[in-house]
2 protein chains.
Amino acid sequence: MNVGILTIGNELTGGRIQDTNSALIARTAQEQGWQVSAMLSVGDDWDAIRDALEFLLARADALVVTGGLGPTADDITTAAVAKAFGLALRTDEAVLTHIRTLFEQRRLTWTENNAKQAVFPEGAEVIDNPSGTAAGFAVRQGGKVVAVIPGVPAEARRMLPEGVTPLFRKAFPEAALHVETATFKLFGITESAVDTAVADVDFAGLGVGVGFYPRFPENHLVLTARTALAQEAKEKIRAAGELVEARLAKHIFARDDETIEKIIAEGLTKQGLTLAVAESCTGGLITDRLTDVPGSSAFLERGVVTYSNAAKIALLGVPEAVIREHGAVSAETARLMAEGVRQMAGTDLGLAVTGIAGPSGGTEAKPVGTVHIALADGQSTVERRHSLRWDRRRNKVMASQAALLMLQRHLAGEKDL
Amino acid sequence: MNVGILTIGNELTGGRIQDTNSALIARTAQEQGWQVSAMLSVGDDWDAIRDALEFLLARADALVVTGGLGPTADDITTAAVAKAFGLALRTDEAVLTHIRTLFEQRRLTWTENNAKQAVFPEGAEVIDNPSGTAAGFAVRQGGKVVAVIPGVPAEARRMLPEGVTPLFRKAFPEAALHVETATFKLFGITESAVDTAVADVDFAGLGVGVGFYPRFPENHLVLTARTALAQEAKEKIRAAGELVEARLAKHIFARDDETIEKIIAEGLTKQGLTLAVAESCTGGLITDRLTDVPGSSAFLERGVVTYSNAAKIALLGVPEAVIREHGAVSAETARLMAEGVRQMAGTDLGLAVTGIAGPSGGTEAKPVGTVHIALADGQSTVERRHSLRWDRRRNKVMASQAALLMLQRHLAGEKDL
């Protein structure tokens, strides 16, 4: 089954607000196993709405329309839909009473234009709005269904699953497919390299759709299968997933809803380990990311952003001589930072990053983007050098990702960090 | 002049990502005095792209198309556009060399599919991509122009004003008006309150367009004037701007391209002051934001993320008794954190934040969202309590914004922080 999406409003075509309803509706359709053939946004304009409905109805079995159901003069969606289908407008007394009651309950002054929200095309099926005054409605024509709901995101978010989806499933029972997806989150490999790595896999032949989504600094590979039987979709995804794992295993750091921060938080908590972080060029981004996980105070003892050499000496005990001899950005300093923060914080693990984020500060021997990452666990200290080639912000993000990855691998018991 | 917008990608129709480009393009058109007739999104599908181009070209003079320019097999935009216009495909050697160079600079392994990003429809005008490998292009047909750029928001955000807008202005000189805009960045006031505050101003009468753009945690008010003469537009913006300033002055913390981080960096550098930051609930977000400004090492001596009480005692010298008596989240602790980090770092200023980001950890007296912010300058210490009502991440962002605002006001010599 194909779904078309139409969002209406001058605030959309004027770029004044971000349309979040289209993505919400698309996700809902995806979850139901329906294809979205097109998403269209037009202003509060009779001809534009008529043309949009015509374009979408030629390409979809069902439409979801949002916006323009308000009480003011510029809200013409209901009338425009009725006109496009040659339907008269009727007032629904039950809805009118409901709206009047809401006004009394909320002690709002009743103005006649509000009665407009009780007017629907003749023969329309009313879709209740549990959180607002503007009810939605659905009209059927030539085996197709058009559902119209308010544009207010909070209202659409409820009416979509509670009103629209059930209505579509009833209208198109054969279209209720099971959808199974699998997401593989990769780091340290470009989108094109991901593509090349799985080029020999015949996903179509396996009945699985594949998509590549760059999410700097990550790359996501998403598999999707739609089948009548849930078990069948699961099986297709499992089979295709194994082929992806076989080719990209060493780049996969998370799957589906996992994030590297959550995996690390779980790992540290499960193993009962504590962590201290010493950051230079990442400026606090690593601890900012780790503390986005609720309960991170259970394992994160402290973080220090030692931007000055004095701070590296005072808070990490890095000998001034080492900084003088090897420089603040060096393998030696990174190691001593990791060991120092671990020792001074009395934690099980110490993670440290020092580097040159840019745009200036680079030298011949240590160009902008040079980053040293070290992890100390009391027995040994691992250190790696990275050469990043992005702008300041993206070098920071890349460095934080590389550091978190080193920690994740250590917690997974991997030897090669 | 009418503009049509087409965003392409299965990640859009699949609801996996939110299309932010359409709103960005619509806003850009709005600022140029162009009308947006329709915004359409379709998947990576030949027929869908062809139909979409046809629908939009029938209703617009110029199209902006984004997405599907990547190197992978599912990126078919260039070929689909060429097919729709009956144009052959040609490799642009200059672009190919540029991409190969980028790969060498970033030490990325070259795979042949990347050469695809140097292929364009014959006769197309290349639109440079200053921040990525995928260049854009423009084709003209029957007096209409179609500009195609990558879907990566960061890249589109630059190529739109630098590449697409100038190209459209050249192609449609009659539509080229002088556009003057002014952006007022507000904090601590809701979008609707901003709207209400300027409700009495007759912007239309002043010949100025006004738009409200929520940018969590900020709200931006943008004034736009389009006139034949540049001086006239400037004058209209100046007059309307004065009225905005008169009503919202105390909420305006930045204008146009200014950011709070840059303003603070300039203030500290100009006044030759150094800073140390002590963070608890913000987890390093404050120093992360400050270190996004190049040269921040000139003023930021250190930051400490004292997540544990032990760290607050060791790194800030907060007496254990104070934490026991008043709690880690208290005005007293916040003050001592600010004074402590300043003293131990030997800086001119000490900024501190302690609070409960949530979702758990709240109490009757100190609910989730309770945040104490303090600033010490050696003479005195200012402390403020905030009650935030968001989720964990947004509470962190809000708290970091409030802390930076306190610092900005102090640097501006304001007494009421």
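Naming: A, B, ... by sequence-line order, numbering from 1 per chain. Excluded from the calculations below are hydrogen atoms, water molecules and symmetry mates; all remaining heavy atoms, backbone and side chain alike, are included.
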State the [atom1]-[atom2] distance between [X] and [Y], to the nearest 0.5 angstrom.
X: B:I25; Y: A:T13; atom1: CD1; atom2: OG1; result: 13.5 Å
X: B:D288; Y: A:E279; atom1: CG; atom2: CD; result: 8.0 Å
X: A:T291; Y: B:R393; atom1: OG1; atom2: CZ; result: 7.5 Å
X: A:L56; Y: B:F55; atom1: CG; atom2: CZ; result: 7.5 Å
X: A:R215; Y: B:R16; atom1: CZ; atom2: CZ; result: 8.5 Å
X: B:L315; Y: A:R302; atom1: CG; atom2: CZ; result: 4.0 Å

Under 4.5 Å heavy-atom distance to chain A, tell me which part of [X] shows up: side chain, backbone, both or neither.
X: B:V341; result: neither
X: B:D45; result: neither
X: B:L300; result: both
X: B:L6; result: neither
X: B:T287; result: both
X: B:A310; result: both
X: B:S280; result: neither
X: B:D292; result: both
X: B:V210; result: backbone

(request) Tell me yes or no: between the side chains of A:R392 and B:S296, is some donor less than 3.5 Å from an acceptor? (result) yes

(request) Against chain B, label A:W390 side chain, backbone, both or neither, depending on which of its atoms sit under 4.5 Å from a heavy atom there. (result) side chain

(request) Let me know if A:S37 has heavy atoms under 4.5 Å from chain B in its side chain, its backbone, both or neither. (result) backbone

(message) I need the residue from A:A311, A:A23, A:A58, A:A278 with the largest number of non-hydrogen atom pairs under 4.5 Å to chain B.
(response) A:A311

(message) Quick check for you: among A:T190, A:V222, A:D51, which has the greatest number of heavy-atom pairs under 4.5 Å with chain B?
(response) A:D51

